[in-house]
Amino acid sequence: MAGAPSSEKLWGGRFTGGQDPLMTAYNESIYYDRAFYSQDIRGSIAWARANKNKGILNDQEFAEIERGLKEVEEEWRSGKFSIKPGVDEDIHTANERRLGEIIGKNIAGKLHTGRSRNEQVAVDMRMWLREQLENIESFLIDLLKVTANRAEQEIEHVMPGYTHLQRAQPIRWSHWMLSYGLAFANDLERLREVKQRVNRSPLGCGALAGNPFGIDRDAMAKELGFDTLIYNSMAGVADRDFVVETMQWGSMLMLHLSRWAEDLILYSSAEFNFVRLADAYSTGSSLMPQKKNPDSLELIRGKSGRAYGQMAGLMMTIKGIPSTYNKDLQESVEPMLDHVKTVGDSIQIATGVLSTLNIQPKNMLASLSPDMLATDLADYLVRKGVPFRETHHISGRVVALAEEKSTPMDKLSYEELKGVDSRFEQDILEVFDYQKSVEMRSASGGTSKSSVLEQIKVIKQTIEKK
Ligand code: ARG
């Protein structure tokens with residue numbers, strides 16, 4: 001891209017030589033910060049209005065600026081805005097350049113009085129992010145609703161629960177879904193907190209030291225929908241914590257989604273065969289006709305790495321820079337755009353996967369084995385007053401006996417069990433019942449029906465909390 005003569009640049013006054021064309025391209029952010037065109041224009045209108053109220057602009061000048069800015073916005077919206085290569089360094093300079101062409105440089109030249117792009121970019125980013133986080137919140141609520149609804153409808157189905165990926169104890173399929181559902185509910189709570197800190201206005205902070213014309217920052221913040229101000233002008237232009245914090249939030253969410261996806265990838269394999277993904281979220285193999293691959297889930301898992309990378313990268317970018325604005329901060333824009341898109345898309349894909357997959361309850365049930373009730377056997381004797389450490393041993397001997405005889409534990413005879421420990425009585429055979437096993441775990445947080453219903457209630461309440 002050609003370097004424009006510096007006289008055409010808005011800050012061209014003290015620069016006489018031309019710019020290295022690669023430097024021009026290296027410096028410009030217009031090809032990505034154009035995403036903020038509408039926020040930039042809304043911010044400029046609020047800025048102009050506040051300046052009119054301070055007498056910096058007269059009514060007619062303000063009206064012209066407002067009219068012109070709306071025209072610029074319309075050009076962006078309709079795809080007619082034409083970026084001047086090498087001149088339009090970023091969205092702020094592009095909008096101001098075009099405003100001057102529409103309403104004349106004399107009036108347009110008054111817009112930037114007392115303002116700096118340092119505050120402007122922070123305003124734009126915060127407004128843009130705030131709007132994106134609203135969308136993301138609604139995507140997350142959809143995911144929680146699907147989780148809660150499925151958990152309610154499919155509460156009957158029992159499957160193996162795993163620790164160390166080894167069969168451990170029977171659980172309800174709903175309990176598995178809700179284990180992630182509760183993590184997502186925490187993500188929702190955290191998101192609502194992050195949103196509050198994003199929605200603070202840096203407008204009126206100036207380049208770093210504040211505004212010399214007594215501008216009404218509160219009025220501008222109110223017009224732009226901010227909750228409150230950033231009360232230190234140096235902090236206002238330096239701060240990208242709102243981006244970092246959003247990405248830390250998003251990374252945690254992606255961590256949850258990635259583990260969730262990993263479970264479902266396993267459960268959809270022929271070895272488990274607990275779930276089948278809808279065609280809408282699977283793809284075939286170009287070579288092996290029989291294959292149906294869980295690409296949606298693999299991409300969620302894969303993109304989580306990318307989301308953390310953006311977060312860690314920005315923290316590295318920021319950690320060493322001195323106070324207030326430094327151009328390094330421009331490097332916060334692309335990670336934010338990419339991260340937010342990745343997270344928003346991933347949640348929606350996850351909701352699509354979960355709302356369309358088919359479960360295979362028969363296979364879930366068939367994967368249970370009586371040895372998964374060994375703890376229940378030990379608990380049986382605990383209820384007869386035997387210390388757990390002892391019952392654990394006794395149950396272990398039953399497991400060993402079953403192995404020795406190549407008989408499933410529930411097919412051992414009453415006499416054989418009695419032979420291991422005389423305190424087993426006839427009703428011991430009732431222990432070998434998976435539904436009974438899950439229903440025993442009825443303390444809050446357990447896998448019984450009542451505990452699962454309680455979890456669903458917790459999720460629904462979190463959604464409503466706001
Ligand atoms: N494009 C710049 C950014 O994204 C805007 C701020 C420029 N400020 C400056 N002093 N050069 O950070």
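Please read all numbers here as calculations on a predicted model, not as lab measurements. Note that ligands are numbered from 1 as they come in the structure, with each ligand's atoms numbered from 1 the same way. When a residue number appears, it is its place in the shown sequence, counting from 1.
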Is there any N or O on His92 that sits under 3.5 Å from an N or O of ligand 1? no
Which atoms from ligand 1 have a heavy atom of Ser29 less than 4.0 Å away? 1 (N)
Starting from atom 6 (C) of ligand 1, what is the nearest protein heavy atom, named by residue and atom, and what distance separates them? Tyr325 OH, 3.4 Å
Nearest to atom 5 (C) of ligand 1, what protein heavy atom do you find, and at what distance? Asp90 OD2, 3.5 Å
Do Arg117 and Glu96 meet the salt-bridge criterion of a basic N to acidic O distance under 4.0 Å? no
Between Asp142 and Thr351: side-chain donor-acceptor atoms closer than 3.5 Å: no
Is it true that atom NZ of Lys105 has more than 12 heavy atoms of other residues, nucleotides or ligands lying nearer than 6.0 Å? no
Closest non-hydrogen protein atom to atom 9 (C) of ligand 1, residue and atom name please, with distance? Asn118 OD1, 3.4 Å
Please report which non-hydrogen protein atom sits nearest to atom 11 (N) of ligand 1, along with the residue it belongs to and the distance in Å to one decimal place. Arg117 NH2, 3.6 Å
Could you tell me if Ser437 and Gln169 have a donor-acceptor pair between their side chains, going purely by distance under 3.5 Å? no
Six-ring centre of Phe226, Arg126 cation under 6.0 angstrom, axis tolerance 45°: no
What protein heavy atom sits nearest atom 1 (N) of ligand 1, and how far off is it? Gln330 OE1, 2.7 Å
Would you kindly say whether Asp90 and Thr93 are connected by a side-chain donor-acceptor distance under 3.5 Å? yes
